[in-house]
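Heads up, the thing below is written out as structure tokens.
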Amino acid sequence: MCSPNTILAALDGVDTGPGCGCDHGSDHRTDHRTDGAPVAAGARRDDADVPEASRLGGIGRRRMLRAALGGAFGLAAAAAVPGTAAAQTMTAAAARRTIGFDRVVDLTHPLSPDFPVFELFVRPPDVQQWRNLDEHGFNTNEWRFNEHTGTHIDVPAHAQHGALTVDELPLEDFIAPLAVVRYADRADRDNATELTVADIEAWERRNGRLPRGAFVAADAGWYRRIDTPNAFLNLDTAAETMSFPGMSPEAADFLLTQRSIVGFGTDTISLDHSARLFPLVHRMLLTTGRYGLEAMANLDQVPDTGSTLVLGVPKLRGGFGAPVRAMALF
């Protein structure tokens, strides 16, 4: 049986047809008179049995049905629907505490046609509305975007033939202790600086050794530039150059050989900084079976240690990367 709230909400948005649209496991060939008596399928409905409002259009029918449903389902609705929005919020908060976190921070930029990309290698995203509610009864968009657009994942097959693709990565690697190493003050002064081994060692002096199976995120404070034209790529159009921070090869080697990590990421457009023409850090990371995240957001809202990275990753068969929904729980 349909939820009364669902029925009433649907009636607010669309005209009522011969059936309610729900799958009840039986057909809807039986019509009804306004006095409740059934009318056999195919039999002529007497207009005298139909209220004037119903003959005039859908608004009258909706009002009549809303009134009937309100009376018939009033008690059931009161029993079935949780009380207030405040009560629901309290329930959600309790559920979060039950599974061990109080807060969620979104580490993901919205994907849109104006998201900055390396246009030499990546076409900008495009979106077109394909169907609309007024004409077709529903809204739907058609998107076109490169795998490596927006906040996205780089997987081993991005850098090595025969390596793991997006759909083959172990699910358990998408949930990991999150360590945030910060160098935003330096990056603000020197746009082409790199995260160093010294930065990681300083983090460990404050927080202890990196946890096994951790994901390490480099916070350059770069995500704040996303809505300023040219600032994220830091493009010098006259010189035809870009300038942004990245991970140093030495820091990448330290994490890959001296620590146990599932991957590392950055809030800039690339793991490699802008001056490195060959994607060395990408190769170092991805050819060891780990993954990287690029264009992360809101890392300054996450503690250095004690949070958990959770990734939602589209299961693209054979994909070399994919836009993701990344979040931190703590």
Side-chain angles (χ1 to χ4, degrees), residues 96 99-101 103-113 115-118 121-127 141-180 211-219 223 226 247 252 255-256 260-272 279 281-299 301-302 307-330:
R96 289 196 297 270
I99 57 177
F101 67 97
R103 188 177 173 199
V104 182
V105 171
D106 194 351
L107 305 179
T108 317
H109 288 292
L111 185 60
S112 63
F115 194 92
V117 298
F118 287 126
F121 304 109
V122 176
R123 289 188 295 184
D126 181 65
V127 59
N141 288 329
E142 207 169 63
W143 286 82
R144 185 196 71 201
F145 52 81
N146 188 284
E147 298 168 323
H148 301 271
T149 307
T151 302
H152 67 274
I153 189 170
D154 287 353
V155 302
H158 184 42
Q160 187 175 37
H161 292 305
L164 295 176
T165 53
V166 169
D167 54 310
E168 296 171 334
L169 281 176
L171 280 176
E172 55 267 27
D173 287 355
F174 296 155
I175 303 173
L178 177 60
V180 182
R212 289 186 60 81
F215 183 91
V216 178
D219 174 17
Y223 83 95
I226 196 70
M247 178 82 69
L255 291 172
L256 295 171
S260 172
I261 63 168
V262 295
F264 54 71
T266 176
D267 57 0
T268 65
I269 193 69
S270 175
L271 299 175
D272 285 276
V281 172
H282 280 80
R283 293 290 180 90
M284 294 174 68
L285 173 68
L286 301 179
T287 56
T288 63
R290 278 90 159 189
Y291 67 86
L293 294 178
E294 294 174 324
M296 301 177 74
N298 300 319
L299 288 172
Q301 298 179 29
V302 180
S307 66
T308 300
L309 174 71
V310 178
L311 290 182
V313 183
K315 197 171 183 179
L316 306 180
R317 188 185 299 276
F320 304 127
V324 299
R325 189 66 180 266
M327 63 201 82
L329 313 182
F330 55 96

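For the single chain, residues carry numbers from 1 onward in sequence order.
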Find out whether L285 and D154 are in side-chain contact, i.e. whether some heavy atom of one side chain is under 4.5 Å from a heavy atom of the other. no

Find out whether R317 and T165 are in side-chain contact, i.e. whether some heavy atom of one side chain is under 4.5 Å from a heavy atom of the other. no

First locate atom NE2 of H152, then atom OG1 of T108, and finally report the distance between them rounded to the nearest 0.5 Å. 12.5 Å

If the plane angle is over 60° it's perpendicular, under 30° parallel, otherwise tilted; pick one for Y291 and F174. perpendicular

Do any N or O atoms from the side chain of Q160 and from the backbone of L286 form a donor-acceptor pair under 3.5 angstrom? no

Are S270 and D272 linked by a side-chain donor-acceptor pair shorter than 3.5 Å? no

Starting from the C-alpha separation in whole Å, work towards a yes-or-no answer on side-chain contact (heavy atoms from CB on, under 4.5 Å) for D106 and Q301. CA-CA 9 Å; D106 194 351; Q301 298 179 29; over 6 Å; no

Would a distance-only check, ignoring hydrogens and angles, find a side-chain to backbone donor-acceptor pair under 3.5 Å from T151 to V324? no

Heavy-atom closest pair, residues Y223 and M296: CB-O, 3.6 Å

Indicate yes or no: does R290 engage D173 in a salt bridge with an N to O separation below 4.0 Å. no

Could you report the tightest heavy-atom contact between A217 and L299, atom names first, then the distance? CB-CD2, 3.8 Å

How many angstroms lie between atom CD1 of I261 and atom OG1 of T288, to the nearest 0.5 angstrom? 7.0 Å

Could you check whether any side-chain heavy atom of L309 comes within less than 4.5 Å of a side-chain heavy atom of V262, counting everything from C-beta outward? no

Do L271 and P279 have side chains that approach each other closer than 4.5 Å (heavy atoms only, starting at C-beta)? no

Heavy-atom closest pair, residues A163 and A157: O-CB, 3.5 Å

When rounded to the nearest 0.5 angstrom, what is the spacing between CZ in F118 and CD1 in I269? 5.5 Å

Can you tell me how far apart CH2 (W143) and CG (D126) are? Round to the nearest 0.5 Å. 9.0 Å

Are M247 and L255 side-chain neighbours, meaning at least one heavy-atom pair lies under 4.5 Å? yes

Note: L311 and A326 closest approach over all heavy atoms is CD2-CB, 3.5 Å

Run the numbers on L329 and V310 for side-chain contact (heavy atoms from CB on, under 4.5 Å), then give the verdict. CA-CA 7 Å; L329 313 182; V310 178; 3.7 Å; yes

Do F320 and H148 have side chains that get closer than 4.5 Å, going by heavy atoms? yes

Closest heavy-atom contact between A322 and L316? CB-CD1, 3.8 Å

Closest heavy-atom pair and its distance - G265, F215: N-CZ, 3.3 Å

Quick check on side-chain contact (heavy atoms from CB on, under 4.5 Å): which of L107, V105, T308 does L178 satisfy it with? L107

Heavy-atom side-chain proximity of R144 to R123 below 4.5 angstrom: yes

